[in-house]
Amino acid sequence: MSRFLINCMFAMLLMQNVRAQGVIDVHSHLIPQSYLDYLAQHDALLDEDFPIPAWNLKSHLSFMDEAGVACSVLSLPAPQPYFGDSAESAAIIRKANEEMARVKAENPERFLFCAALPLPDVDAAVQEAIYALDTLHADGVKLASNSRGLYLGDPLLEPLMKVLNDRNAVIITHPHKPSPVNPSLTSVVPLASYEYLAETTRAILNMVGHNVMLRYPNLKVVVPHCGSFMPLAYPRMKSLMPVMNNVGYLQGVDIDKNLASLYYDLAGAPTPDTVKELLTITTPDHLLYGTDYPYVAAPVLQKNLGVLRNTLQAIVPDDVENILTNNALNLFKK
């Protein structure tokens with residue numbers, strides 16, 4: 001039997017196993033010690049104004065078992081490990097990607113991973129994307145909202161978008177510290193409470209403004225944290241389109257077609273109102289479960305999953321299992 005057929009059979013068995021066991025968490029983080037050591041060398045452990053939690057495989061699996069999470073999608077958290085030396089950044093990201101690949105290989109039924117890329121060096125990011133997707137068999141890539149000022153949607157990222165589009169890549173987006181940032185504001189209200197939501201929205205709208213999703217239709221882009229401010233920004237942006245077009249903005253941009261392909265994870269605070277607002281800009285088949293583990297304590301996440309089930313049951317009773325499991329299976333299928 002060919003290796004291709006064996007892989008196909010394994011993938012089918014994995015999907016059947018996941019369906020039987022529980023939910024899929026598309027938003028969780030692996031935090032390698034090499035990454036922490038590198039940040040410490042650059043005095044950047046608090047670069048995002050928020051302490052980076054401890055992570056280990058045993059605790060992650062224990063949380064998953066207790067919460068009923070069948071499979072978690074791993075990615076590297078913020079901050080982006082780049083401090084002016086592209087080669088150094090590429091080396092630390094390669095270590096992180098190989099660590100995620102190892103965890104997946106040793107626990108193939110429990111983990112997928114989305115590879116980190118050494119942006120803002122676009123050439124290095126292209127090389128790492130090809131290696132991660134083609135050699136490490138990453139299940140997608142994780143892209144920061146901005147990498148030291150280079151925002152998603154920027155024309156400089158076109159070579160990377162082409163490589164990812166050619167590979168039908170899943171892109172997990174994640175907010176990072178804005179560039180520039182106002183320290184007097186973030187010293188009072190931490191980045192995670194407000195700026196992360198604004199930052200995600202800023203990056204996604206920049207992608208819309210450059211027609212990224214329309215021009216690269218094979219990309220599958222996931223917006224984190226309950227869509228951030230997208231349910232508010234989308235109708236406002238659309239209502240202003242005639243005025244903006246008249247003064248030269250967003251010429252040739254199709255907001256609806258760009259947004260139609262987006263997926264949204266429910267990490268954060270998926271209250272009933274939040275879910276209802278998300279459903280004004282998307283459909284239930286584009287909603288995904290996410291935890292943000294280990295940034296949120298395991299007992300809190302276990303309780304929140306039960307609350308989310310009840311919320312979804314009240315709003316979209318026919319789509320509960322799809323949102324918690326099947327939508328992610330469809331998203332990551334090869």
Side-chain angles (χ1 to χ4, degrees), residues 27-31 35-55 75-84 89 116 119-120 142-154 172-209 222-237 240 264-278 281 290-301 303-304 307-308:
H27 186 155
S28 68
H29 300 292
L30 179 147
I31 305 172
Y35 169 75
L36 292 175
D37 292 344
Y38 179 69
L39 295 180
Q41 290 172 18
H42 291 275
D43 194 26
L45 287 171
L46 288 174
D47 200 45
E48 301 283 321
D49 299 330
F50 197 84
I52 300 174
W55 180 91
S75 64
L76 199 66
Q80 184 74 348
Y82 176 86
F83 302 98
S89 175
L119 290 167
K142 173 254 179 174
L143 292 180
S145 54
N146 87 89
S147 299
R148 307 304 174 184
L150 180 63
Y151 272 86
L152 296 181
D154 193 294
I172 298 287
T173 63
H174 196 279
H176 284 225
K177 182 170 68 176
S179 181
V181 65
N182 188 321
S184 67
L185 292 178
T186 57
S187 65
V188 177
V189 181
L191 288 168
S193 62
Y194 166 80
E195 284 293 348
Y196 270 9
L197 304 177
E199 176 70 2
T200 295
T201 306
R202 182 181 299 121
I204 297 298
L205 290 185
N206 197 46
M207 295 178 79
V208 171
V222 180
V223 183
H225 302 131
C226 302
S228 298
F229 292 151
M230 288 298 295
L232 297 174
Y234 164 69
R236 179 172 176 81
M237 187 176 184
L240 291 172
Y264 301 85
D265 81 44
L266 297 176
T271 65
D273 287 343
T274 300
V275 174
K276 290 175 183 177
E277 287 174 356
L278 263 178
I281 64 169
T291 64
D292 222 341
Y293 182 89
Y295 282 83
V296 182
V300 174
L301 292 173
K303 178 181 178 181
N304 287 352
V307 173
L308 177 60

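A quick note: this is a predicted structure, and the numbers were derived from the prediction, not measured.
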Please confirm whether the backbone N or O of [Y] pairs with a side-chain atom of [X], one donor and one acceptor, at under 3.5 Å?
X: T173; Y: L143; value: no
X: H27; Y: T291; value: no
X: Y196; Y: P190; value: no

Hey, does [Y] have a side-chain heavy atom less than 4.5 Å from the side chain of [X]?
X: R202; Y: E195; value: yes
X: T274; Y: P231; value: no
X: I281; Y: Y264; value: yes
X: T201; Y: L232; value: no
X: P51; Y: Y295; value: no
X: L191; Y: V181; value: yes
X: M237; Y: V208; value: yes
X: S193; Y: F50; value: no

Which atoms form the tightest heavy-atom contact between [X] and [Y], and what is the distance?
X: A78; Y: P175; answer: CB-O, 4.0 Å
X: P77; Y: Y35; answer: O-OH, 3.3 Å
X: N206; Y: L152; answer: ND2-O, 2.8 Å
X: A198; Y: F229; answer: N-CE1, 3.6 Å
X: L36; Y: L45; answer: O-CD2, 3.7 Å
X: S89; Y: P81; answer: OG-O, 2.8 Å

Discussion item. Does the plane of the ring in H225 sit parallel, tilted or perpendicular to the ring in H174? Use 30° and 60° as the thresholds.
Written reply: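 H225 vs H174 ring planes: perpendicular.
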
How many angstroms lie between [atom1] in [X] and [atom2] in [Y], if you round to the nearest 0.5 Å?
X: I31; Y: Y293; atom1: CD1; atom2: OH; answer: 9.0 Å
X: M230; Y: L278; atom1: CE; atom2: CG; answer: 10.0 Å
X: I52; Y: L39; atom1: CD1; atom2: CG; answer: 5.0 Å

TODO: Begin with the C-alpha distance, continue with both residues' side-chain angles, and end with the deciding distance and a verdict on side chain to side chain contact (heavy atoms under 4.5 Å, CB included) for K276 and T271.
DONE: CA-CA 9 Å; K276 290 175 183 177; T271 65; over 6 Å; no

Problem - Residues, nucleotides or ligands: over 12 heavy atoms within 6.0 Å of D43 CG - result: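 At most 12 heavy atoms, drawn from other residues, nucleotides or ligands, come within 6.0 Å of this atom.
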
- Message: Could you go through D154 and R148, starting from their C-alpha distance and side-chain angles, then the distance that decides it, and tell me whether this counts as salt bridge (Lys or Arg N to Asp or Glu O under 4.0 Å)?
- Response: CA-CA 13 Å; D154 193 294; R148 307 304 174 184; over 6 Å; no

task = For the pair W55 and L30, evaluate side chain to side chain contact (heavy atoms under 4.5 Å, CB included) and give the outcome as yes or no after the intermediate values.
result = CA-CA 7 Å; W55 180 91; L30 179 147; 3.5 Å; yes

| query | Looking at K177, H176, Q80, E199, which hits side-chain hydrogen bond (donor to acceptor under 3.5 Å, both in side chains) with N146? | reply |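 Considering K177, H176, Q80, E199, a side-chain hydrogen bond (donor to acceptor under 3.5 Å, both in side chains) with N146 is found only for E199.
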
